[in-house]
Amino acid sequence: MHFRKLMVIFGIGILALILEFGFHLNLWAQILISIVGLTLAVSMTIEMIKTLRSGKYGVDLLAIMAILSTLAVGQYWASLIILLMLVGGDTLEDYAANKAGSELKALLEHAPEKAHIIQADGSIKDTTLEEVQIGDQLIVKPGEQVPVDGVVTKGSGTFDESSLTGESKPVEKKVKSELMSGSINGNSAIEYQATKLASDSQYQKIIRLVRESQNQPAHFVRLADRYAVPFTIIALIISGIAWIVSGDPNRFAQVLVVASPCPLILAAPIALVSGMSRTSRNGIIVKSGTSIEKMALLKKIFFDKTGTITTGELSLSKVSPAPGFTKEQLLQYAASVEQQSNHVLAVSLLHDYQGQLLPLKNLEEKTAQGVQAQIQGKIVKAGKMDFVNPGHDVQSSDPTIFVSIDGQYAGKITLVDQIRPEAQQTISNLRKLNIQHLEMLTGDNQTTAQKISQHAGLTEYHSNLLPEDKIKALQATPKAQRPMGMVGDGVNDAPALAIADVGIAMGAKGSTAASESADVVILKDDLSRLVRAIIISRETMTIAKQAVLIGIFICTALMLIAAFGIIPTIIGALLQEVIDTVSILWSLKARHGKTHFENQASTHAKVA
């Protein structure tokens with residue numbers, strides 16, 4: 001749209017040139033340019049009034065006054081250059097935003113379109129993604145994209161997940177490995193089972209997040225508006241004094257021409273969009289420029305435990321047989337009786353158990369209690385102690401499977417939620433970034449919460465919390481510790497993520513609800529990406545502020561020079577194009593950033 005407007009104004013300028021220098025119709029050229037200038041000035045005035053009514057201040061007043069003052073003193077060619085400058089600046093902003101957001105758009109342009117289903121007779125049927133059902137057996141041929149999320153059932157190979165997680169190194173996959181839709185297969189055909197519908201798979205989730213981020217404008221992208229009032233007052237004072245002292249109204253126009261705030265208007269939004277582009281290359285979706293600004297200023301971060309500080313996957317920790325039983329017996333009977341259960345403890349036990357499963361008969365599952373079955377002529381029970389052996393007093397603070405055989409207590413199997421290997425380093429790096437207020441929020445008991453928080457390097461934690469308790473903890477954050485962030489991944493974290501100043505979702509394995517309510521989504525199952533997100537946000541805001549201040553200083557210097565009549569109106573208007581270019585190029589540095597904060601955090605991970 002801005003490009004078309006630019007072409008119209010450029011065409012009118014060519015026509016005005018022909019009228020004045022070809023046919024000597026100076027008055028008609030002036031009238032033509034004046035009509036266009038007044039039209040644009042009226043349009044900008046309407047937008048400025050809307051801005052003022054919303055309670056914000058803008059720098060558009062100077063641009064309007066520059067157009068009107070040059071027309072008033074008969075400098076209509078300077079007015080035309082200002083028009084070309086303003087609309088050209090908008091066009092350059094569109095180009096820069098499109099360039100900066102190219103990584104985001106690439107996701108939308110390369111979505112999987114078809115799937116190969118392995119039918120019962122072994123034949124392969126090509127179908128649309130919408131027809132794929134959970135449990136379908138699929139094959140991914142070499143070089144193809146994974147159509148829907150699933151688990152490998154046959155074969156092994158490498159997959160490129162860079163467009164999803166920002167991880168450039170191919171990832172090895174084998175039987176039981178999880179596949180993400182949108183990842184690209186290497187050189188070997190892989191068979192796998194679909195675990196999600198296409199609409200719920202990782203790639204489609206990312207696409208929804210990208211579209212959401214593109215549709216959410218940043219409330220503070222016009223960083224220059226913060227300097228609008230003092231800058232406007234200074235410009236009017238300098239131009240007014242120049243007019244009064246010289247007695248020449250042209251001086252007023254000359255000063256306002258170089259004070260035109262186009263570079264200030266462009267600088268921040270281009271830098272913030274560039275920063276969003278950079279985070280996407282690092283496997284992080286930031287939904288708005290506002291989120292980048294707040295994330296750069298974070299003073300406190302809350303962490304959920306399960307799936308955030310920990311992996312969210314239970315693993316075998318300790319086997320404690322009762323007298324008369326061995327560890328091997330206890331494990332075999334427990335795994336055998338749990339082999340058809342979908343309970344998280346049963347699934348985790350079977351995942352770690354490598355022995356032989358015994359056949360069972362008369363399987364019964366008691367909801368929220370446990371399972372029992374006949375194995376080798378014995379009645380085996382596994383589950384809660386009240387179900388397995390009522391009256392037997394055995395306690396455990398960790399997730400535990402209790403087992404009895406023929407009514408006799410046989411022992412317990414303890415599982416633990418493993419702390420993320422990168423959690424401790426991440427907490428350490430956050431402290432190096434001067435974020436000292438770090439707390440863990442969990443629904444687990446006090447003993448487990450204390451142990452996990454100590455391993456992660458967190459000194460503060462809150463246990464036994466319901467979702468509403470987490471919200472209260474966030475709302476109780478004092479003003480001195482804001483803005484604050486919340487990191488989580490589960491459905492129960494979604495309300496807290498929405499309440500936080502910056503909600504950050506672990507989106508690789510987390511719930512859709514958490515991702516949709518968050519401001520920032522980490523696509524790779526890697527907590528250290530939080531450090532990357534903060535580093536990039538800080539560097540982006542530094543570059544944005546630099547670009548704005550560079551524009552202000554250059555404009556102020558040119559205003560002082562113009563006040564002495566040294567810069568003709570037309571030359572001043574042309575100089576604005578130079579300032580535009582400098583501002584845009586400086587703002588685009590946010591696409592790649594610097595390494596100051598990365599070194600400050602002492603992180604070894606490369607930030608793209």
Verdict with supporting geometry, Ile534 and Leu430, side chain to side chain contact (heavy atoms under 4.5 Å, CB included): CA-CA 9 Å; Ile534 294 172; Leu430 289 173; 3.6 Å; yes
[X] side chain to [Y] main-chain N or O, any donor-acceptor pair under 3.5 Å?
X      : Y      : answer
Arg482 : Lys299 : no
Arg278 : Ala590 : no
Gln436 : Arg431 : yes
Arg532 : Ile284 : no
Ser43  : Thr39  : no
Lys287 : Ala518 : yes
Arg251 : Ala563 : yes

Say you draw a straight line from [atom1] of [X] to [atom2] of [Y]; how long is it, rounded to the nearest 0.5 Å?
X      : Y      : atom1 : atom2 : answer
Leu236 : Phe252 : CG    : CZ    : 6.0 Å
Ile18  : Phe23  : CD1   : CZ    : 7.5 Å
Ile31  : Leu19  : CD1   : CG    : 10.0 Å
Ser428 : Glu422 : OG    : CD    : 13.5 Å
Ile33  : Leu17  : CD1   : CG    : 7.5 Å
Leu298 : Met484 : CG    : CE    : 10.0 Å

At their closest point, which heavy atom of [X] faces which heavy atom of [Y], and how far apart are they?
X      : Y      : result
Ile292 : Gly275 : CD1-C, 3.8 Å
Val255 : Ala235 : CG1-O, 4.1 Å
Val258 : Cys555 : O-SG, 3.6 Å
Thr70  : Ile67  : OG1-O, 2.8 Å
Ser69  : Leu256 : OG-CD1, 4.1 Å
Asp501 : Pro483 : OD2-CA, 3.2 Å

Close side-chain approach of [X] to [Y], heavy-atom, < 4.5 Å:
X      : Y      : value
Thr279 : Val520 : no
Lys294 : Asp519 : no
Ile427 : Gln424 : no
Gln30  : Glu20  : no
Ile12  : Val8   : yes
Leu80  : Ile9   : yes
Ile567 : Gln254 : no
Met506 : Asp525 : yes

Intermediate values then yes/no, side chain to side chain contact (heavy atoms under 4.5 Å, CB included), Thr426 and Arg420: CA-CA 10 Å; Thr426 298; Arg420 287 181 178 274; over 6 Å; no
Full working for salt bridge (Lys or Arg N to Asp or Glu O under 4.0 Å) between Glu539 and Lys589: CA-CA 10 Å; Glu539 291 179 354; Lys589 287 174 61 181; over 6 Å; no
Thr556/Ile552 under side chain to side chain contact (heavy atoms under 4.5 Å, CB included): CA gap, chis, key distance, verdict: CA-CA 6 Å; Thr556 302; Ile552 287 177; 4.0 Å; yes
Test side chain to side chain contact (heavy atoms under 4.5 Å, CB included) applied to Met486 and Asp304, step by step: CA-CA 8 Å; Met486 171 70 190; Asp304 174 53; 4.1 Å; yes
Greater than 12 external heavy atoms within 6.0 Å of Phe564's CZ: no
